[in-house]
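Along the sequence shown, the residues carry numbers beginning at 1. Since the structure is predicted, the reported quantities are computational estimates derived from the model, not experimental observations.
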Amino acid sequence: MAITDPARAAFDAPIDPDFDTPRPHAHHRHGWWWKTLLLGLALWIITIIVTLVTLNVNLVPTIILIGSFLVPFTVVLFVIERVTGTVSTLQLIVAFFVGGILGVLGASLLEANLSNTVFVYLLVGFVEEFVKGVLLLVIGWRVRPKNARQGALLGATVGAGFAAFESAGYAFNAAITTRGIDLYSLLQTEVIRAVLSPVGHVLWTAILGAVVFGLAHGRAKFRWSWMALVAYVVVSLLHGIWDSTAGVAQFLARAFTGTLSVDLRALSPAELTTVGSLTTVLYVLGIAIVSIIGVVLLIAVLVHYARAARRAQQRLGTPSGQQSGPPLQHQQQHWTTDGRPAVPGAGPAGGMPTWPAAPHLQSDPTNAGWHGTPPPAAPR
């Protein structure tokens, strides 16, 4: 009876030629993101109830952490269930935590000397989107393939990390007052920021990631274009308008009620109530408008690059609406030395490996692959 040494067998095993080939993730579409959202919401409510019953201030940090991280971490789980290529779950977790921490630290350093002017919110938008954009480039440098959908998912992860740590800071500031811990203000801040976080930092960085990664057109390396700078300016302006909505809403409310020239402290209770109610309505309306613009812009970017990918596929000889072989997300992608995905052609019979098309054939839309050309001779 022959005795097999496992170490020897592993040493003698043939090397997988595709060991470095990006493979699609095994998608576990079990809806863990919404299950986590519901479970986390239940735990957050239970923690609040226990805190009110016991008056135990040691539970306040737990309320802050759950309320600040629940929705952003749910975004990460949503991304994990949909990402493909070389993006691993560990990379997404690192993008969330490390990207979020470095993002708020970098933004704090750059915003430290900003003067309190009418344009301060626009400057904050440019600073924060710059920090998140740099982190997105660093984290996504080795991501393959690079396309708009991958960029939107990875950008949403970086934005979610930034939103989580920033929300924790706002919640802490709302809780600490001169009269002690204000639990009502803390909960109000967390609810508002949790509801708005998917259409705030998450949305802005997702748009920027979709454009930057979409410009790569499936390449392994990023590709510079003025569209990246345009996208950065647009999302920064949307970010700045979003942050300034509260001030603009109050200004418009006082203008509509004719109290713009009167000090707030001199207003009667009835006038203060009217101004406050109108400010809330205008604020919600402004946030809704900016959010709709951002969502429409993200969808337009994804649709644009999806159509560009289909046109490129048609130029390579694949009929519209038809894929050759297994679905694209389940194919093993081979890469050339210049960072472009290789175009597989028909290899010789007998189980021999397929060969990428020659460069001149790849650039010819009428003769992509080895159509009409004999395959290369099998290596001897």
Does the plane of the ring in W242 sit parallel, tilted or perpendicular to the ring in W204? Use 30° and 60° as the thresholds.
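Rings of W242 and W204: perpendicular, as their planes differ by over 60°.
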Classify the angle between the aromatic ring planes of F222 and F213 as parallel (below 30°), tilted (30 to 60°) or perpendicular (above 60°).
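The arrangement is perpendicular - the two ring planes meet at more than 60°.
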[Y] backbone acceptor or donor facing [X] side chain under 3.5 Å:
| X | Y | answer |
| --- | --- | --- |
| E271 | S268 | yes |
| R82 | Q150 | no |
| W141 | V138 | no |
| T245 | I287 | no |
| S244 | I241 | yes |

Euclidean distance, [Y] [atom2] relative to [X] [atom1], rounded to 0.5 Å:
| X | Y | atom1 | atom2 | value |
| --- | --- | --- | --- | --- |
| F96 | F165 | CZ | CZ | 6.5 Å |
| K146 | T86 | NZ | OG1 | 7.0 Å |
| T36 | L41 | OG1 | CG | 12.0 Å |

Output, in order, the C-alpha distance, side-chain angles, deciding distance and verdict of side chain to side chain contact (heavy atoms under 4.5 Å, CB included) for L37 and L70.
CA-CA 7 Å; L37 179 62; L70 178 58; 4.0 Å; yes
Hey, would you say the F78 and W32 ring centroids sit under 6.0 Å apart?
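That pair fails the under 6.0 Å test.
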Are I181 and I48 connected in a single hydrophobic cluster, I mean Ile/Leu/Val/Met/Phe/Trp/Tyr linked by side-chain heavy atoms less than 4.5 Å apart?
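In one cluster: yes.
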Shared hydrophobic cluster, I64 / V57 (ILVMFWY, side-chain heavy atoms < 4.5 Å):
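Same hydrophobic cluster.
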